[in-house]
Amino acid sequence: MFAPVTSKPDLVAQEHEILALWRERRTFARLRAQNAGGPRWSFLDGPITANNPMGVHHAWGRTYKDVFQRFHAMRGEDQRWQNGFDCQGLWVEVNVERDLGFTSKRDIEEHGIAEFVRLCKQRVLTFAARQTEQSIRLGYWMDWNDPDELLRLRDLLGADPAAEATLAGPRGPVTDRVEMLVGRLGMPELGGSYFTFSNENNDLIWGFLAECHRRGWLYKGHDTMPWCARCGTGISQHEMTEGYADRTDPGLTVRFPLLDRPGEALLVWTTTPWTLTSNVAAAVGPGLRYVKVRQGDSIFWLGRGTVQQALVGPFEILDDRAGSELVGWRYRGPFDELPAVRAGFAAGGAGGAPYEHVVVAWDQVGEDEGTGIVHIAPGCGAEDFALGKSLGLPMLAPLDEGGTFIDGFGFLAGRDVRDSAEPVVEHLKHHGLFYRLEPIVHRYPHCWRCGTPLVFRLVDEWFVSMGPVYDVPRDQLTRQQVDASLRYQIMEVVDGIRWLPSFGYERELDWLLNMHDWMISKKRYWGLALPIYDCAACGSFDVVSGREELRARAVEGWEQLEGHTSHRPYVDAVRIACRACGAPVGRIPDVGNPWLDAGIVPFSTLHYREDPAYWQEWFPADFVTESFPGQFRNWFYSMLAMSTVLRREAPFRTIFGYATLFGEDGRPMHKSWGNAIEFDEAAERMGVDVMRWMYAKARPDDNILFGWHAADEARRELLVLWNVYAFFVTYARLAGWSPGVEAVSPPTPSQVAGRPPLDRWILSRLAGLAARVEDRLANYDPDSAASVISGFIDELSTWYLRRNRKRFSRPDDPADRDAAFATLHLTLAGLVRVLAPLLPFLTEAMHQNLVVAVGLPAPESVHLTRWPAPELAALRDPALEDATGLAQRAVDLVRTLRSQAGLRTRQPLARLWIALPGVAHPDLDALLEVIADEVNVKDVVRIDDESELVERRVKPLLPKIGRKLGGAIPAVMAAARAGAFEILADGSVSLAGVVLAPDEVELLVSPRPGTAVAHDDGLVVVIDTELTDALRAEGDAREIQRAVQDLRREAGLDLADRIDLCLDLGPAATAVGPYLDAVATETLADSVTSGPLPAGWSQAGVKISGGEVAVALRRAAPGGQPEAAHG
RNA sequence: GGGGGAGUAGCUCAGCGGUUAGAGCAGGCGUCUUAUACACGCCACGUCGAAGGUUCGAAUCCUUCCUCCCCUACCA
C-alpha cells in the first residue's frame, strides 16, 4: 500500500529526510559499486575556492555538474566523482590578514611566515568542510570527505602540525604527521576531494615549470608591472579581468621650466602626481604642432590642439612649431633636488654619461587629453618604461613593495604613495611649478582581490613565454613557426575541443593571440613555492623538477624541510649547488600564480606520474564546466597551456560555459542592496530542488536572475507534478490498488494494447520523453531537457489526468480502472527516472513511495535505476500521438466557440460537427468520444466536406510576387483582404486585375462568423448552439451538482464522506428531477429529500435557468449505507 | 581608446525584408475543477531607442546620434 501523500508537501523537510535515507542506506556508495568497471565517463571538476561559504552562484554550476554526473551514472558509466578545492593564493591570504587585523606584508613577516601559512591552511580546511556540507545539502553527489574529519584535521594542525594522526582511508587507516596528512588529501589512499595545496599538485607544477625551462620558455623579466601596494604583489595580465573601475584622480598640470629659454616652460599633464618624482623626460609628438603662448607674465609651450582644454584664462599665441623642433630642449625637473634623482641622473642612462632632463620624440603622444607633452617616468609606467628602454634613459623607481617612497626621496620618503598627491602638489606650488589641478574621472586598474588602485612599479618577475605572434593567418604558418610558439600550439589544441556555447572557441583563440607572456610569480607567502634557483654569483638560474630532485641536490637546509610540505618558509631553507658555478643558491622567495595550481589538475588528480595507466584511462576529461566570464584567461587557459606543454593535447573534450548569476533586480547580488540570497537561506526556504529546477531551466549563455519570485514560479511547476502524484496515491489508496510485478518489467505494446487510446498515448509520450531528454542531456543541453520535461508534466496533468479523472474513482468497470492506475503508475515511475538527475530529492521521494514502499522488485533508490529510454522505446506510437494532438486542438476550438457563444461547458450541447480531412486512425472513434466528453456534447458528427461551414480566403505569398508586382501590391493585398477575388479553373487566382499562379497564393479557410473555427491543418469544428428544454434541465442539474460539491468543501468534508442532501427546487423540480440520481451519485449522497431546508445543515443557493434553487447537506450517519466508499 | 552586442508590452525576451509585431510572467475579466494546486479562454493601437535613407513594403537593411551591456587596452 502506498503511504498517504499530502497535496501541500514540505519540500525542505522532505529533502532532509531523503538526505538521511541516502546516508543510512549508503546509496551513493552503492551507485559507485554498481557502475564500477562500466564504460568510463570522465568529469574533471574545476576547483572551488575554499575561502568562504559557497553562494547560490556556485550552486548553479554545481547543479550542472551533478546533473551530468547523475545522468551518465544512469547510463551505467563509471566515474571518478572527485570534487576539487582551490586552496592557495591571495584569496586566502587576504582573509587571514583581515582576521588578524594585518595591513601590510611587514605584519605577516613579524607574525612569522610559518604561522601565517598554517593559518591559511586552516582557513582552507574550515571552508572546505563548510562547502562540503553545503554541497551535500544541494544533493551534489561526490566522493566527499567527512566534514567533521576535515575540521578535526584543521584543529590538529592548529595544535601541533608535527604530531602524528590517523585518518580513515578507503584502503585502511593512514598515519602520518598532521601536516603531511593535510598534504596528502585527495590522494588515492585518503580519497575524497582534491586540494590544490597537496604535495602532488605542487610537485607536478614543479615538473611543468622545469619542462618550460628545459625548452627555454621560462625567463626573468625586468619591467614595470601593475602592482598592488596593499598586497605587495604584481598583478598579471591574466588577473586584470575585473580589475578596471572608474576612479577620480587629480588631473595635474605642471610647468617644466626650459633651461635654455629663460622665462619659458613646458606645460605637462599627469593624473599620477607621485610619478613626477621620477620624471626623466618630456615627450612630444614629432608630427604634432606646438605653440608658445603668453599668459600674464608666463610663457608656456604646449600642443596647439590642446590649448582650449589645457589653459585657463586668456592667452596670446606667440609662436607655432613642429614637435620635432622641440626635441632636445633641456628643462628643469620638478624634483631635481632629491638625492635619488641626483644620483640616478649622475649615473646616467644606458651610455653611462650624466643625464639631464630633455624633450624626446614619441609617436604615441596625442592631443585628446592633457597638453600634448607627456611626462615620462620609466620606473613608474609600462609605456614609459618601454620608451625609456629604447632611448636609454635612466630609470628611477621610487616605491618599495608596500607602495612606500624609499629613502632618497626627501620629504616623501616613508610616505605611502596613496597619500602622496597632496604633498606633491604643495611642493610644486612652493616651487612655482604648479599650473592647474582639477579632478578627472577615468578607468583605472584596481587589485582584483582587495580593490586597491594599482600603481606601476619596476620589478623583477618570472614569466612563461607564449612565443612570437606572426603577422600571417594561422593556416599559413609553417611547422617550424608553430613549434617555436607556445601560443599557436595551444590554439591547435583548442581547435580539437568542443566549446559550448560556441562563441567560447573564438574568445579563447582571441585571448591566446593577444595575450602577453604569462607572469607566474607573486611576491607573497601562501602558495606554490616556485622552484627557481637564481644564482647571484654567476647570473644563471635553474628550475628543480620536483621534491625528489631537490632532496638529491640539496647542499644545505634539507633537514629543515623534512617533514614539512613544500611551502614557505621551510622550503626556503634549502640550497642547491649552482650547476654553472657551484655556488650554493637558494630559492627565489616568490610563490606561484594560483592558476598554476588549478591548471595542473588534469595531471595531478589523475595520477599522471604515479599511475600512468590510470591517467591514460581518465585523460582527457570528457567534460568540464565553469562560469565563463574570466575563465578564458584563467582556468581554461592554464589547463590548456600546461597540457600543451606537457602533452601537446587537449585536457578535455567538451567545455560547457555558463553565464553569471544576478539578483532578481538584474544587478549583482550585494548584501547592502538587499538582493543577495545566501545559499543556506535559499536551500532552507525554497528547497534545493526548486533551485535546481531554476538552474536547469536557465539558458546557460544568459545571465540568470535569481530570487524568491522566480523560485515561486519554479515551485509551482513542480507542484503540478506533485499533485498528479498526490492524486494518484490518494485514489489508489481509496481503491486499494497496488501495482503488480509487471509494473517494473518493461511493458510491451501487446500488454497495453487493450487499454484506451489515451493510456497508450501517454505511454507513448513518456517513451518519447525519455528518448528526447536523453538526447538533450547527452549533448549538454540541460535547459532544453528541462523544457521538454515541463511540457510533458503539463500534458500529463491537464490532458491525460483531467480526461481520465473519473476512471480512478469509479468502481463500475474495475478492469478499466486498473488499466488507468497501471498506466498512471507506470508513467509516474518512468517520469521520475527521467527527472532524477535534475531533481534528485523530489524524484526519490516519489520513487520510494511508488516503487519501494509497495515492495516492487526494483532498485531501492531512483538513482540506482537505469535510464528508462531503452525499455520504453517499444511503446512509442507516433500515429496515435498525431491523432491525439488533433483531438486536443479540437477541444481547444470548441472551448473557444462555447466561450464566444456564451455557453459554459457545464451546459450540455446536442452535437458538434468536426471535419478531419484525410485523417485515418484506428483509435479515431474513441478519440471523438473523448472530445465529446471533454466538451460536454452529446453527439460528435464527423463530416468530410467543410465547405459549407467556412469561407475561403486567399493569401498572396509576398516573397514570391513582391518583385514581380512592385507598386501593384497594395491594391492586390486590399482585394485579398476584402475577399474580392475569383478562383479560376486552373487553380490560379484573379484579383485586382492581376492573375496569380496557384503557387503564388495560399488558399485558406476561415470560420463563418459565429459558428466555427478552422485550424491550420484544415481541422474545422462547428457546434450546435440550440438548447432544448432537456439540455437546459441537464445543465441545471450539473449546476446544482457543482453547488453541492462546493458546499461539501465549505463544510470541510473528506473526499469519501457520504452525505444527506436536501434540495429546495421550486418550479424547476419537474424538469430537473430525472437527473437527480446522477447528482446523488456524484456527490456521494445517501439520501436526497425535497422541500424546506432542515436547520443546522450547511446551506447554499444557486442560480439555474429555471430560477433560484437552495441546497443543504450534512454528513451522513456512518453505516447508514452499505455500499463501500468510493471517491 | 579599440572591437562586439543590445535597446520591442509593466517585467524577461522572441521575431531580424512581407503588409494585422508575438510569447512567458505580472495584472484584469471569465471558464473549468471536490487533484482546490492548477489549467484553459479572453483582454496588449506598444513613437519596435531617436532622426534620416534604401524599398511597392522596414522592428528587420544602410547612415548618424543617444543609452546600456560585454570583450579588450600601456595611454600621460
Side-chain angles (χ1 to χ4, degrees), chain A residues 5 7-8 224 226 237 240-241 244 251-252 268-272 275 282-283 362 364-366 368-377 380-387 442-443 445 456 503 506-507 510-511 514 516 629 632 659-660 664-666 699 702-703 705 709-710 713 716-717 719-720 722-731 794 797-799 801-802 805 808-809 891-892 895-896 898-900 902 904-906 934 936 956-974 976-977 1041-1042 1044-1050 1053-1055 1057 1082-1084 1127:
Chain A
V5 172
S7 63
K8 289 177 180 162
T224 44
Q237 185 201 10
M240 295 290 273
T241 323
Y244 281 86
L252 178 64
V268 172
W269 184 71
T270 182
T271 55
T272 49
T275 62
W362 190 31
Q364 300 289 305
V365 176
D368 294 341
E369 285 180 309
T371 63
I373 304 178
V374 178
H375 139 66
I376 299 294
C380 306
E383 70 278 17
D384 302 43
F385 178 83
L387 180 67
H442 61 160
R443 298 267 292 164
F456 284 82
F503 68 74
E506 299 294 338
R507 196 180 286 183
D510 186 58
W511 162 248
N514 292 305
H516 302 171
F632 291 97
T660 306
E664 204 154 37
D665 55 4
R699 279 188 38 204
D702 274 352
N703 296 329
L705 304 186
H709 291 102
E713 214 174 292
R716 271 207 301 278
E717 237 181 297
L719 284 184
V720 173
W722 185 266
N723 278 308
V724 174
Y725 162 65
F727 172 93
F728 168 81
V729 170
T730 302
Y731 283 95
D794 188 58
S797 170
T798 64
W799 182 248
L801 190 54
R802 177 189 169 79
R805 211 165 32 210
F808 297 92
S809 57
V891 166
D892 286 343
R895 289 221 181 92
T896 303
R898 292 187 77 115
S899 162
Q900 284 165 3
R904 49 181 50 174
T905 306
R906 221 173 284 148
E934 175 68 16
N936 200 15
L957 296 173
L958 281 162
K960 287 193 174 176
I961 62 170
R963 194 168 295 269
K964 185 168 100 186
L965 295 184
I969 286 202
V972 168
M973 296 307 292
R977 266 197 298 273
Q1041 176 183 321
R1042 176 97 283 280
V1044 174
Q1045 301 288 32
D1046 279 345
L1047 198 51
R1048 282 184 63 111
R1049 174 152 49 95
E1050 256 175 60
L1053 299 188
D1054 269 358
L1055 227 54
D1057 281 341
E1082 289 292 334
T1083 60
L1084 303 188

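In what follows, every chain begins at residue 1, and chains take the letters A, B, ... in the order their sequences are listed. Just so it is clear, the values below take in all heavy atoms, side chains as well, and ignore hydrogens, waters and symmetry mates.
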Shorter than 3.5 Å, N or O on both sides, protein versus nucleotides 8-13 of chain B: list them out with atom names.
none

Results of ring-ring contact (aromatic ring centres under 6.0 Å, His included) for A:Trp722 - residues two or more places apart only: A:Tyr725
Side chain of A:Thr272 (C-beta onward), nearest among B:A37, B:C74, B:A76: B:A76
Distance between C1' atoms of B:G53 and B:C13 (Å, rounded): 29 Å
Residue whose closest nucleotide on RNA chain B lies nearer the 5' end, A:Ile961 versus A:Phe727: A:Ile961
Sugar-phosphate, base or nothing in reach of A:Arg805, heavy atoms under 4.0 Å: base
Nearest-neighbour nucleotide for the A:Thr798 side chain, B:A39, B:A37, B:A35 considered: B:A39
Sugar-phosphate, base or nothing in reach of A:Val365, heavy atoms under 4.0 Å: base
Check: A:Thr371 side chain, B:A76 base, donor-acceptor under 3.5 Å: no
A:Trp362 side-chain proximity, nearest of B:A76, B:A35, B:C71: B:A76
Pair assignment for RNA chain B - dot-bracket with | for other-strand partners, Watson-Crick or G-U under 3.5 Å: ((((((((.[[[[.)..(...]]]].(((((.......))))).....[[[[[..)....]]]]])))))))....
Sugar-phosphate, base or nothing in reach of A:Leu965, heavy atoms under 4.0 Å: nothing
Spacing of A:Ile373 atom CD1 and A:Thr270 atom OG1 [to the nearest 0.5 Å]: 13.5 Å
Chi angles and distances behind the side chain to side chain contact (heavy atoms under 4.5 Å, CB included) call for A:Glu506, A:Asp510: CA-CA 6 Å; A:Glu506 299 294 338; A:Asp510 186 58; over 6 Å; no
Near-ring test A:Phe456/A:Phe385, centroid separation under 6.0 angstrom: no
Spacing between A:Asp794 atom CG and B:A37 atom P, to the nearest angstrom: 18 Å
Length of the CH2-C1' vector between A:Trp511 and B:C70, whole Å: 16 Å
Among B:C32, B:U34, B:A76, the one nearest A:Arg802 by side-chain distance: B:C32
Of the listed nucleotides B:A39, B:C38, B:C74, the one nearest the side chain of A:His516: B:C74
A:Arg906, nearest nucleotide to its side chain (from B:U33, B:A35, B:U34): B:U33
